[in-house]
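For reference, the structure is listed below as structure tokens.
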Amino acid sequence: MPDIGSVSAAIATIKTSIDIAKVIKDSNNSLDEAERKLKIADLISSLADVKIELAEVQDLLRDKDSEIRDLKEKINEKESLIFDGKFYWKDGDKVPFCTVCKEKEEKYHHLTYVKNNSWGQELHYCKICNSKYYG
């Protein structure tokens with residue numbers, strides 16, 4: 001949601017622009033040429049302010065849309081992971097993710113597999129946090 005202050009400022013500037021335009025429209029002969037030109041200049045300035053404020057609102061909306069898209073991707077990523085009691089797996093991925101990295105930092109690092117370590121056991125380990133999973 002855009003900042004309420006930005007939207008309020010844009011609305012106030014639009015109202016000012018409308019008021020200036022009404023004065024110009026209703027002025028017919030009551031304003032001399034110099035005053036009319038001054039009011040038109042005020043109107044142009046006010047409309048330029050509206051354009052700037054609406055551009056700021058548009059930027060805020062774009063940022064919010066990007067944030068929403070990123071959060072949806074994170075939700076989808078979380079939902080696609082399966083925890084088997086030891087590892088996190090992603091559908092279609094044959095390499096598990098480090099449980100410590102995932103649960104501690106919400107990072108997804110694949111584990112490295114060693115078929116026979118020095119003790120003759122299979123081993124998965126994380127190159128990032130150095131966690132070891134025997135089995």
Side-chain angles (χ1 to χ4, degrees):
M1 194 77 187
D3 179 62
I4 194 73
S6 298
V7 174
S8 296
I11 290 171
T13 307
I14 290 169
K15 184 180 180 319
T16 302
S17 299
I18 291 170
D19 292 343
I20 294 170
K22 284 180 183 177
V23 168
I24 294 170
K25 179 184 154 258
D26 296 340
S27 68
N28 287 343
N29 294 328
S30 66
L31 293 175
D32 65 6
E33 192 61 28
E35 286 181 278
R36 184 172 292 140
K37 286 182 180 180
L38 180 62
K39 290 293 182 187
I40 290 173
D42 287 344
L43 178 60
I44 291 169
S45 175
S46 182
L47 290 172
D49 290 343
V50 168
K51 186 176 181 179
I52 290 168
E53 289 167 2
L54 289 178
E56 290 172 1
V57 170
Q58 187 177 26
D59 287 343
L60 286 170
L61 288 172
R62 199 174 294 123
D63 291 345
K64 296 295 181 185
D65 287 346
S66 176
E67 184 178 356
I68 289 168
R69 189 173 36 260
D70 291 345
L71 290 172
K72 283 182 178 180
E73 286 176 11
K74 284 184 177 181
I75 288 170
N76 288 338
E77 194 171 80
K78 273 187 172 183
E79 289 176 350
S80 70
L81 288 178
I82 299 166
F83 184 65
D84 68 0
K86 186 173 186 178
F87 299 119
Y88 282 96
W89 299 87
K90 189 171 186 175
D91 291 337
D93 193 347
K94 295 181 180 183
V95 180
F97 293 96
C98 178
T99 305
V100 173
C101 290
K102 195 276 182 207
E103 292 179 357
K104 189 174 182 181
E105 299 178 25
E106 284 296 317
K107 305 269 179 153
Y108 301 95
H109 301 291
H110 280 109
L111 296 172
T112 301
Y113 176 72
V114 179
K115 188 167 186 168
N116 289 312
N117 66 8
S118 56
W119 296 286
Q121 297 176 313
E122 291 183 346
L123 166 73
H124 283 90
Y125 70 94
C126 178
K127 292 180 181 179
I128 307 301
C129 72
N130 296 318
S131 294
K132 294 179 174 69
Y133 304 89
Y134 295 97

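Keep in mind that the numbers below use all heavy atoms, side chains included, and drop hydrogens, waters and symmetry copies.
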If I take atom [atom1] from residue [X] and atom [atom2] from residue [Y], how far apart are they, to the nearest 0.5 angstrom?
X: I68; Y: K64; atom1: CD1; atom2: NZ; value: 8.5 Å
X: K51; Y: D49; atom1: NZ; atom2: CG; value: 12.0 Å
X: C126; Y: K107; atom1: SG; atom2: NZ; value: 12.0 Å
X: D63; Y: Q58; atom1: CG; atom2: CD; value: 11.0 Å
X: D65; Y: L60; atom1: CG; atom2: CG; value: 11.0 Å

**Message:** Minimum heavy-atom separation for C101 and C98, please, with both atom names.
**Reply:** N-SG, 3.4 Å
Does the side chain of [X] reach to within under 4.5 Å of the side chain of [Y], using non-hydrogen atoms?
X: K15; Y: I11; value: no
X: K74; Y: D70; value: no
X: V114; Y: Y125; value: yes
X: Y108; Y: E106; value: yes

Just by modelled atom types, is the [Y] backbone N or O under 3.5 Å from a matching donor or acceptor in the [X] side chain?
X: S17; Y: T13; result: yes
X: Y133; Y: L111; result: no
X: T99; Y: K86; result: yes

**Asked** Centre of F97's six-membered ring, under 6.0 Å away, within 45 degrees of the axis: is that where NZ or CZ of K102 sits?
**Response** no
[X], [Y]: one ILVMFWY side-chain cluster at the under-4.5 Å cut-off?
X: Y113; Y: V95; answer: no
X: L54; Y: L43; answer: no
X: V50; Y: I18; answer: yes

**Asked** Would R62 and D59 pass as an ion pair if we require N to O under 4.0 Å?
**Response** yes
